[in-house]
Amino acid sequence: MDALDVTVRIVAVLLAFLVLPLLVGQTEHKVMAHMQGRVGPMYAGGFHGWAQLVADGVKFAQKEDIVPAGADRRVFQLAPALALLPYLLVLVAIPVAPGGGVAQALDAGIFFVLAVMGVGILGSLMGGWASANKFSLLGGLRTAAQLMAYELPMLLAAASVAMAAGTLSLPGILGVWEWWWLPWQLIGGVVFFTAGLAELQRPPFDAPVADSEIIFGAYTEYTGLRFALFLLAEYAGIVVLSALTAVLFLGGWHGPFADGLGWLWTLLKTGVLAFGVIWLRVSYPRLREDQIQRLSWTVLVPLALVQIALTGVVKVVM
C-alpha cells in the first residue's frame, strides 16, 4: 500500500468511528420516542426533533467537569478514553467490502478484535475503582463479573465460525462463506450477539448501571464530556458488535451485486442488528445479577459447545 492508500483507509476508519456511533445514538432517541410515546426527543430543532443530538452535545459540554476529592485522579480521568479507543482499533480490522475493503487485514483477526473489545471493558472497571464511591465500586464489580461470565461463550461462538472457515482472518472467513452457513451457525450467532450485549451492559443486561439500585454504577461520579465519552463508547460498541455479528454470521458483504454494493450490504446488516439492540432496550425488563450469571453458565456456554460440536460433525462429514 502506498501513502495515499493508507491515508484514505485511515480517514475512512476515523469517519466511521466519528459518525456511526452518533447515528446510533440519534436513532435510539427516535426509536424510543416512537415505541414509548416520548415527546421530548421529537421537539428539539423543530422537524422531527432533528437537533436532539446537537442539544445533547451542548448540554454535556456546558456541564462542570468534577473529580471527587477522594478519587484517584489520573485513573479517573483516563478511564473514559480507555473505554472508547479500543473500538476505534477494532474498526480497523472489520472488512466492509470484497477486494481489500478493510483498513488492515490481519491473519488472526478474530483474536485481535475480541481481545481489544475486552480491553474496552477495563474503562468501566477503572472508573468504578477510581471514583471513591461505593456505588461506583459495586457497579465496577458487576461489570467484572459480567465480563468473565460472557467472554467465554462469545469466544466459543467465534471459534465455531473460525473452525468452519479454517481461518482466523475476517476477510478469509467471508471469502469462504456460503448462504447455508446461516442455519448452520445460527446457534453460535445468537450466543455471540447475546454475549456481546451483556459485555456492553445493554438492557436487559444493564445490572452494572442499574439506576434504581446503584445510581449509575461505575459512571455515577462522572459529569460533562467524560460522561459523554462513556455514552459514546457504548454506541461505538453497538456498531462494532453489530458489524462483527454481520461479518461472522450473516455473510458481511455477501448479497446481490456484492462486487459493487458489498459495502452497502455490510452497512444494512449492521444497521438492522443495531436497531435490534435498541428494540431490546424498550422491550425487556432488566435481569437480576443472579439471572444474568445463570443465563451465561447454564444456557449460553452449553449452546456454544453444542454449536462447536455441530460444526465439527459437519466439517468431518463434508
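Numbering starts at 1 and runs along the sequence shown.
- Both Leu88 and Leu84 are members of a single hydrophobic cluster when ILVMFWY side chains are connected at heavy-atom separations under 4.5 Å.
- Taking Ile, Leu, Val, Met, Phe, Trp and Tyr as members and joining any whose side-chain heavy atoms lie under 4.5 Å apart, directly or through other members, the hydrophobic cluster of Leu168 also contains Phe111.
- Contact of the Leu241 side chain with the Ile238 side chain is not registered, since no non-hydrogen atoms from C-beta on lie closer than 4.5 Å.
- The shortest distance between side-chain heavy atoms of Pro86 and Met117 does not fall below 4.5 Å.
- Between the side chains of Glu221 and Asn133, at least one donor N or O sits under 3.5 Å from an acceptor N or O.
- Closest non-hydrogen pair, Pro95 versus Thr266, comes out as O-CG2, 4.2 Å.
- Remark: the backbone N or O of Ala145 is not paired with any side-chain donor or acceptor of Glu289 at under 3.5 angstrom.
- When atom types are taken as modelled, the side chain of Ser296 and the backbone of Ile292 share no donor-acceptor pair closer than 3.5 angstrom.
- Here the shortest heavy-atom pairing between Gln185 and Ser160 reads OE1-OG, 2.7 Å.
- With rounding to the nearest 0.5 angstrom, the CZ atom of Arg294 is 5.0 Å from the CG atom of Asp290.
- In terms of heavy atoms, Ala79 sits closest to Met126 at CB-CB, 4.0 Å.
- The closest donor-acceptor contact from the side chain of Arg281 to the backbone of Pro203 lies at 3.5 Å or more, if one exists at all.
- Sparse packing is recorded around CH2 of Trp179, with 12 or fewer heavy atoms of other residues, nucleotides or ligands lying under 6.0 Å away.
- One hydrophobic cluster, built from ILVMFWY side chains closer than 4.5 Å, cannot hold both Met154 and Trp297; they sit in different ones.
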Problem - Test log, rule side chain to side chain contact (heavy atoms under 4.5 Å, CB included), inputs Leu303 and Val190 - result: CA-CA 9 Å; Leu303 284 177; Val190 173; over 6 Å; no
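- Smallest separation of non-hydrogen atoms from Ser131 and Ala218: OG-O, 4.1 Å.
- For residues 179-202, the set of pairs meeting the salt bridge (Lys or Arg N to Asp or Glu O under 4.0 Å) definition, not counting sequence neighbours, comprises Glu28-Arg202, Arg202-Glu234.
- With hydrogens and angles disregarded, no donor-acceptor distance shorter than 3.5 Å links the side chain of Lys269 to the backbone of Ala246.
- Atoms CG and CG, on Leu137 and Leu125 in that order, are 10.5 Å from each other to the nearest 0.5 Å.
- A distance-only check finds no donor-acceptor pair linking the side chain of His254 to the backbone of Glu178 [under 3.5 Å].
- Considering Val239, Leu273, Ile94, Thr270 in turn, Ile94 is the only one that fulfils the side chain to side chain contact (heavy atoms under 4.5 Å, CB included) rule with Leu244.
- Note that the CG atom of Leu156 and the CE atom of Met163 stand 9.5 Å from one another [nearest 0.5 Å].
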Practice task
Run the numbers on Phe192 and Phe249 for ring pair (Phe, Tyr, Trp, His ring centres under 6.0 Å), then give the verdict.
Solution key: CA-CA 9 Å; Phe192 185 89; Phe249 299 97; 5.5 Å; yes
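- The environment of Asp107 atom CG is sparse: at most 12 non-hydrogen atoms of other residues, nucleotides or ligands sit within 6.0 angstrom.
- A 4.5 Å side-chain heavy-atom check between Leu295 and Phe205 finds at least one atom pair inside the cut-off.
- Neither Phe230 nor Phe17 shares a network with the other; the hydrophobic side chains, linked directly or stepwise wherever heavy atoms of I, L, V, M, F, W or Y lie under 4.5 Å apart, form separate groups for each.
- With hydrogens and angles disregarded, no donor-acceptor distance shorter than 3.5 Å links the side chain of Lys63 to the backbone of Phe227.
- The two residues Ala258 and Pro98 make their nearest non-hydrogen contact at O-CG, 3.5 Å.
- A pairwise comparison of heavy atoms in Ser242 and Ala274 identifies OG-N, 3.4 Å as the closest pair.
- A single hydrophobic cluster is not seen to contain both Phe193 and Ile308; linkage of ILVMFWY side chains at heavy-atom distances under 4.5 Å, directly or through other members, places them apart.
- Judged by distance alone, the side chain of Gln26 and the main-chain N or O of Trp50 form a donor-acceptor pair under 3.5 Å.
- Considering only heavy atoms from C-beta on, Leu232 comes within 4.5 Å of Leu22 through its side chain.
- Aromatic ring pairs are classed by plane angle as parallel below 30°, tilted from 30° to 60° and perpendicular above 60°; the pair Trp181 and Trp184 is perpendicular.
- Here the two rings, on Tyr222 and Phe216, have centers that are 6.0 Å apart or farther.
- Under the 4.5 angstrom side-chain criterion for Ile, Leu, Val, Met, Phe, Trp and Tyr, the cluster partners of Val11 are Leu15.
- Side chains of Phe257 and Trp265 form no contact here, defined as non-hydrogen atoms less than 4.5 Å apart.
- Distance CG/Leu23 to OG1/Thr27: 6.0 Å, rounded to 0.5 Å.
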